[in-house]
Number of protein chains: 2
Amino acid sequence: MSEAGAGTGARSARPTSRDVAQAAGVSQSTVSLVLGGKWTGRVSPATARAVEETAERLGYRPNAAARNLRLGTTRTVLLVIPTITSPFFGPVYIGAARVAARHGFGVVVYPPDDARPATPGASPFAVPREAIDGIMASSMTLDALRGFGRAPVVMLDSGPAAAGTAPTVDFAVEDGMRAVVAHLAGLGHRRFGHLAAAVDEWTFRARGGAVARAVHDVPGGTLTRAAGAIDVRSAKEAAERLLGLPDRPTALVCDDDLMAAGVYKAARARGLEIPGDLSVTGFDDVEIARALEPELTTVRLPAQELGEQGMLALLELLGGGRPEPRALPVELVVRASTAPPPA
Amino acid sequence: MSEAGAGTGARSARPTSRDVAQAAGVSQSTVSLVLGGKWTGRVSPATARAVEETAERLGYRPNAAARNLRLGTTRTVLLVIPTITSPFFGPVYIGAARVAARHGFGVVVYPPDDARPATPGASPFAVPREAIDGIMASSMTLDALRGFGRAPVVMLDSGPAAAGTAPTVDFAVEDGMRAVVAHLAGLGHRRFGHLAAAVDEWTFRARGGAVARAVHDVPGGTLTRAAGAIDVRSAKEAAERLLGLPDRPTALVCDDDLMAAGVYKAARARGLEIPGDLSVTGFDDVEIARALEPELTTVRLPAQELGEQGMLALLELLGGGRPEPRALPVELVVRASTAPPPA
DNA sequence: CTGTTAGCGCGTTCAG
DNA sequence: CTGAACGCGCTAACAG
């Protein structure tokens with residue numbers, strides 16, 4: 001009867017803290033104290049060590065549900081994104097989940113479903129992950145977060161506008177677009193076209209504004225613009241409108257790499273060589289940029305770092321801090337789709 | 001004092017089931033029964049209705065942690081994938097999460113991090129989402145799941161081999177490859193090249209085997225093969241080896257759309273026109289297939305349905321059932337990268 | 001048909 | 001310095 005912990009091999013369920021306590025010959029609270037890391041000055045070092053070893057030996061892991069219930073915290077954060085089917089958000093998730101894991105947090109993604117982006121469940125049990133410690137929202141406005149309760153929020157890639165309300169982490173997209181235009185202008189281009197993404201998000205408004213300002217600063221620079229959805233077909237159509245102009249641009253600046261793929265198609269259809277007859281640039285530097293032929297000059301966005309910094313900011317916020325707004329530097333990646341304009 | 005629920009506006013915390021019970025003038029267990037949906041014959045319809053209305057009015061949502069603790073279940077499943085940075089797995093997640101949500105389950109993805117695919121946390125608190133009801137593992141072997149405990153498992157896209165051990169959901173990749181070869185053979189091709197993905201997964205072994213068998217069945221058909229990693233550069237190099245052959249293939253069958261992009265580059269470098277001089281096919285039908293020029297003939301894999309069916313199978317398994325192995329039909333998508341061989 | 005009670009596993013008092 | 005006792009919110013036995 002007193003041989004606690006030994007000989008009870010039949011029960012292979014996960015050990016509880018009480019099992020650890022019994023096996024180590026101490027009480028449950030001692031186990032809790034030791035494993036919680038706040039035992040110094042309250043438990044003798046020898047006991048602490050013994051407890052740690054027993055826990056290790058038994059393969060003890062605290063029961064998350066009990067922990068959450070007691071602490072009123074879930075150690076789970078929600079990553080809200082506009083669409084899960086974009087190559088951009090994978091790295092964001094990776095970055096967030098990586099630093100989250102380092103702090104004992106899990107990350108769950110919302111929405112699970114592109115089709116109906118904001119449908120709260122009908123039954124009260126339909127959205128099990130309602131219990132959440134905080135929210136990271138990427139590429140959207142604060143308004144879009146109605147229905148998520150009053151959890152602490154960090155806004156990612158949503159512009160500094162929300163900075164008063166919530167901590168923000170953004171890319172320095174203006175710098176990126178300025179670098180693109182400077183690169184092109186340095187090559188000798190003067191007639192610019194901008195293929196704008198017809199998407200109402202801060203980042204695209206910022207890209208458009210930056211292009212306009214940058215071209216304005218190029219002596220003799222002119223800018224024409226066409227907008228389209230972020231898919232190959234729409235981008236191709238928009239590009240055709242630009243390329244059909246009497247004084248057609250010699251360089252097309254795209255809001256997105258995928259749109260650049262559409263430009264390639266439009267150019268080929270007109271018999272225009274890239275980059276000989278037409279220079280093209282993208283934005284984001286997703287996989288497709290290197291799959292295109294010629295490879296695409298574009299702007300690399302540190303998407304993973306966005307997730308990391310966002311999670312760090314959220315952690316700071318949860319800890320009672322007031323994280324500063326941050327803007328992540330971007331990088332112009334010059335490949336083979338840009339060259340001096342035709343003579 | 002008896003005005004329970006009213007006038008206590010100061011407390012804006014989430015209402016508990018006890019709050020609902022008080023406000024409705026019934027006991028906690030009645031609330032539990034009614035909201036749990038199993039009250040018929042045990043609670044009067046009138047009371048049930050009253051409870052539902054009060055719950056609604058108070059905006060009551062059950063506390064997940066308490067529920068989980070009591071039930072010993074988490075209503076969370078783990079989706080284990082080889083790499084999160086592949087456009088293939090987004091739709092799988094969507095499918096899984098969609099049907100999961102319909103059943104009150106959440107889906108969390110593992111690993112959060114491509115870099116170290118199987119690192120269990122160092123501290124006992126590092127992997128908070130260890131508490132899981134079941135696992136869906138995609139594109140891997142059962143062996144790779146060591147360290148995830150003994151949760152019920154469904155294997156996705158991992159071949160019927162594991163079928164004895166765990167329920168499986170697969171694509172009919174053999175059908176897909178046979179359709180590709182038949183399409184090409186119908187166009188008149190006889191010299192085939194296979195650009196194999198050098199990845200040790202069932203799906204790629206199946207693709208390779210299917211190509212070999214299908215070409216074998218083409219009268220006069222010959223097959224050469226080169227392997228490479230699934231990225232543009234490796235695929236390009238592998239394609240160059242095939243295209244440098246004295247009797248070079250007139251059709252290149254690729255294991256993956258991204259590899260086809262590498263073939264495009266190799267072909268252009270040699271001055272070969274696609275599809276005039278060389279037909280190319282992909283596999284998966286990810287976004288890049290339509291971004292390439294000419295657009296890629298490929299095989300569409302119903303990735304989202306894989307997730308849906310996988311989750312359905314897991315649900316059935318959790319409910320004590322024995323789901324049948326299933327193979328999802330695939331579809332040949334003929335675009336512009338295939339044509340009759342040069343004369 | 002409804003209310004009372006016990007306990008899931010944990011972290012945190014409060015006695016000893 | 002350690003152990004016993006309590007309660008987080010919920011569900012499932014058991015009483016009434």
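Everything numeric here is computed off the predicted structure, so don't read it as measured data. Chain letters run A, B, ... following the sequence lines, proteins first and then strands; every chain starts at 1.
Projected onto DNA chain C by closest heavy-atom contact, B:Gln28 and B:Ala66 fall at different nucleotides, the more 5' of which corresponds to B:Gln28.
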Worked check of side chain to side chain donor-acceptor pair (under 3.5 Å) between B:Ser44 and B:Thr47: CA-CA 5 Å; B:Ser44 80; B:Thr47 328; 2.3 Å; yes
Verdict with supporting geometry, A:Leu328 and A:Asp170, side chain to side chain contact (heavy atoms under 4.5 Å, CB included): CA-CA 6 Å; A:Leu328 271 21; A:Asp170 293 309; over 6 Å; no
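The residues B:Arg326 and B:Glu308 are annotated as not salt-bridged, no charged nitrogen and carboxylate oxygen being separated by less than 4.0 angstrom. Of the charged side-chain nitrogens involved, none lies within less than 4.0 Å of a carboxylate oxygen, so that B:Glu56 and B:Arg49 do not count as a salt-bridged pair.
The phosphate of D:dT2 (OP1 or OP2) has a side-chain N or O of A:Thr47 nearer than 4.0 angstrom. For A:Ser17 and C:dG11, the shortest distance from a side-chain N or O to OP1 or OP2 is not below 4.0 Å. Between B:Ser44 and the phosphate of C:dT2, there is a side-chain N or O to OP1/OP2 separation shorter than 4.0 Å. Contact annotation: B:Arg67 side-chain N/O to D:dT11 OP1/OP2 distance is under 4.0 Å.
Rounded to whole Å, the distance from CZ on A:Arg70 to C1' on D:dC8 is 6 Å. Distance CZ (A:Arg18) to C1' (C:dG11): 14 Å, rounded to an integer number of Å. Protein atom CH2 of B:Trp39 is 17 Å distant from nucleotide atom P of D:dA12, rounded to whole Å. For the pair B:Leu35 CG and D:dT11 C1', the interatomic distance rounds to 12 Å; values are reported in whole Å. Remark: C1' of C:dG11 and CG of A:Leu71 are 7 Å apart, rounded to the nearest angstrom. To the nearest angstrom, P of C:dG11 lies 12 Å from CG of B:Leu69. Atom C1' of nucleotide C:dG11 and atom CZ of A:Arg61 are separated by 19 Å, given to the nearest angstrom.
With distances taken from any side-chain atom of B:Asn63 to the nucleotides D:dT2, D:dC10, C:dT4, the minimum falls on D:dC10.
Legend: residues meeting side-chain contact (heavy atoms from CB on, under 4.5 Å) with B:Pro91, ordered by chain and number and at least two apart, are B:Ala303, B:Gln304. Qualifying side-chain hydrogen bond (donor to acceptor under 3.5 Å, both in side chains) partners for A:Thr73, counting only residues two or more places apart in sequence or in other chains: A:Asp133. Not counting sequence neighbours, the partners of A:Asp157 by the side-chain hydrogen bond (donor to acceptor under 3.5 Å, both in side chains) test are A:Ser139.
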Determine all donor-acceptor pairs shorter than 3.5 Å in which one atom belongs to a side chain in residues 159-168 of chain B; sequence neighbours excluded.
none

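Remark: the B:Ser32 side chain and the B:Ser29 side chain contain no N/O donor-acceptor pair separated by less than 3.5 Å.
Relative to the axis of its first five pairs, the axis of the last five pairs of the helix from C:dC1-D:dG16 to C:dG16-D:dC1 sits at 50°, rounded to 10 degrees.
Across all strands shown, A:Ser32 has heavy atoms under 4.0 Å from base atoms, whether or not it also approaches the sugar-phosphate.
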Quick one: which protein N/O atoms are closer than 3.5 Å to N/O atoms of nucleotides 13-16 of chain C? Pair and distance per line, please.
none

